[in-house]
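What you are looking at is a predicted structure, and each value in this text was computed from that prediction instead of being measured.
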Number of protein chains: 2
Amino acid sequence: MAEELFTTNGYASTSLDAIVAGAQVTKGALYHHFSGKQALFEAVFERVEADASKRIQKSLRGHQDPWEKARAGLRAFLGVVQEPGYRRIVIQEGPSVLGYERYREQEERSTFANVLEIVRAVLSAGPWELDEAMLQTFARIFFGAMSTAGESVSSAEDPIAAATRVETAIGFILAGFQALADAGVELPAGE
Amino acid sequence: MAEELFTTNGYASTSLDAIVAGAQVTKGALYHHFSGKQALFEAVFERVEADASKRIQKSLRGHQDPWEKARAGLRAFLGVVQEPGYRRIVIQEGPSVLGYERYREQEERSTFANVLEIVRAVLSAGPWELDEAMLQTFARIFFGAMSTAGESVSSAEDPIAAATRVETAIGFILAGFQALADAGVELPAGE
DNA sequence: TACGGCGACGTACCGACGGTATGCAAAGCG
DNA sequence: CGCTTTGCATACCGTCGGTACGTCGCCGTA
């Protein structure tokens, strides 16, 4: 399967010959179904993304409180982001193989959508009035934070401890939000 | 120059022939100085990184207050991250071309070091007792947040407004920290 | 049933690219 | 002044992504 080869060897080091040999087909068949190597990668990318997104959504069910939802989602995301396939295909090579634009389009309607939903829920619980652009900005920031954190978690010598630290740190940031909400602090105006 | 070619076309689509043609040398000369295409990229990567790091450090000078320092550093980072060379070479293709390990080693002693320094200054201003691992975790989170935010900023239809939104969002998070510090809130214990 | 067209592959091949082997002039050195 | 080493130039090779073209089988039609 192409997914394993891309995950273990990376995009550039995975030859089409190796893929077709592993899948028991020929190059003709491959090029009948996909327009090229990049299109094949994109199909794999979408599958991995869809799986991850489904998993995260599943973890969100059952939580009504936004903060609880956020914590559950964070935990699920940290789990997803530690899987070699997601790390390699989506986080590491996605942006460079697909180009940032296509990468973003794909993310926009899967995993990032989940993050956005969570952020929306959390920030709507506060006293702030945020327009859509500001919500997206917050979501981007959290998405990036958690992606990077996930990378460092899964390459740490003790991933479990590292994941705990990340949860603590993000929880701390969320606590800061709560504190601001309780204090009725307004959003600092953009200058 | 190889840097421009890598920036505009990307790593994979930049042939060594194009590089040597542009630099008025031959492949023999190139392979005399670098052990291969990846090593050349790595050299370019280091230069871009060093430049960015220097620029950020410069912006930190003159600020004593940690929060002011953080804001200045954030602004400088958002500037750096909008430059095509840094975006493409460091953020987009760095991880996939160098591999995450080498990428991290490089970042560790340049731009990330700056972020770490800032985070250290900010968090030391609070009443919390953080060990080094926790500091690194916070720094990773902020680094990832700002890298991703920078990507979205520079690909936004109005980059200036987007940058302002990012500054607002991060400022909000920092304000949350301040609120927690003022309230004397402890770090939530890792479970 | 004969047949033509078409979709689903298989196969042989091409051009480009990264990398290497070898040559060779100039500089350093005893 | 010879001999080694450095610094590069050039010709070439293996691999890989992609393509051109052939082939086999199915399906509608007369």
Side-chain angles (χ1 to χ4, degrees), chain A residues 1-49 84-85 87-103 105-106, chain B residues 1-49 84-85 87-103 105-106:
Chain A
M1 185 63 80
E3 183 175 332
E4 276 105 45
L5 290 172
F6 281 145
T7 299
T8 57
N9 303 343
Y11 179 79
S13 300
T14 300
S15 74
L16 287 184
D17 288 336
I19 292 173
V20 299
Q24 308 269 35
V25 292
T26 62
K27 256 205 289 203
L30 196 157
Y31 269 86
H32 182 73
H33 293 291
F34 304 96
S35 65
K37 193 186 181 183
Q38 180 167 334
L40 170 63
F41 179 85
E42 197 159 341
V44 173
F45 181 98
E46 288 186 35
R47 264 199 20 189
V48 175
E49 258 291 44
R87 288 179 58 200
R88 188 88 186 226
I89 293 172
V90 176
I91 298 183
Q92 264 189 37
E93 307 215 307
S96 82
V97 173
L98 301 182
Y100 181 66
E101 275 312 314
R102 289 200 69 75
Y103 169 79
E105 287 168 22
Q106 299 292 343
Chain B
M1 185 63 80
E3 183 176 332
E4 276 105 47
L5 291 172
F6 281 145
T7 300
T8 57
N9 303 343
Y11 178 79
S13 299
T14 300
S15 74
L16 288 184
D17 288 338
I19 293 173
V20 300
Q24 308 269 33
V25 292
T26 63
K27 257 207 289 202
L30 195 158
Y31 270 85
H32 183 74
H33 292 292
F34 304 96
S35 64
K37 193 185 182 185
Q38 179 168 335
L40 170 63
F41 178 85
E42 196 159 342
V44 172
F45 181 97
E46 289 187 35
R47 264 198 21 188
V48 174
E49 259 289 44
R87 288 179 56 200
R88 189 89 186 226
I89 293 172
V90 176
I91 298 182
Q92 266 190 33
E93 307 215 307
S96 81
V97 173
L98 300 182
Y100 182 68
E101 276 311 316
R102 289 199 69 74
Y103 169 78
E105 287 169 21
Q106 299 292 343

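- If you check every strand for non-hydrogen atoms under 4.0 Å, A:T14 touches sugar and phosphate atoms only.
- Taking the side chain as every heavy atom from C-beta outward, B:F41 and B:E93 approach each other to under 4.5 Å.
- One can place NE2 of B:H32 at 14 Å from P of D:dT5, the figure rounded to the nearest angstrom.
- A straight line from NZ of B:K27 to C1' of D:dC13 spans 11 Å, rounded to a whole angstrom.
- Using a distance-only test at 3.5 Å, with no hydrogens or angles considered, no donor-acceptor pair links the side chain of B:S96 to the main chain of A:S96.
- Remark: the B:K37 side chain and the C:dG19 base include no donor-acceptor N/O pair separated by less than 3.5 Å.
- Within 4.0 Å (heavy atoms only), A:S15 reaches sugar-phosphate atoms of the nucleic acid but no base atom.
- In this structure, B:F34 places its CZ atom 16 Å from P of C:dT20, rounding to the nearest Å.
- Look at CG on B:L16: it is 18 Å from P on D:dA11, rounded to the nearest Å.
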Worked check of side-chain contact (heavy atoms from CB on, under 4.5 Å) between A:R88 and A:Y11: CA-CA 9 Å; A:R88 188 88 186 226; A:Y11 179 79; over 6 Å; no
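- One can place OH of B:Y31 at 17 Å from P of D:dT10, the figure rounded to the nearest angstrom.
- For the pair B:N9 CG and C:dC17 C1', the computed distance is 15 Å after rounding to whole Å.
- The interatomic distance linking A:D17 (CG) with C:dC13 (P) rounds to 15 Å, in whole Å.
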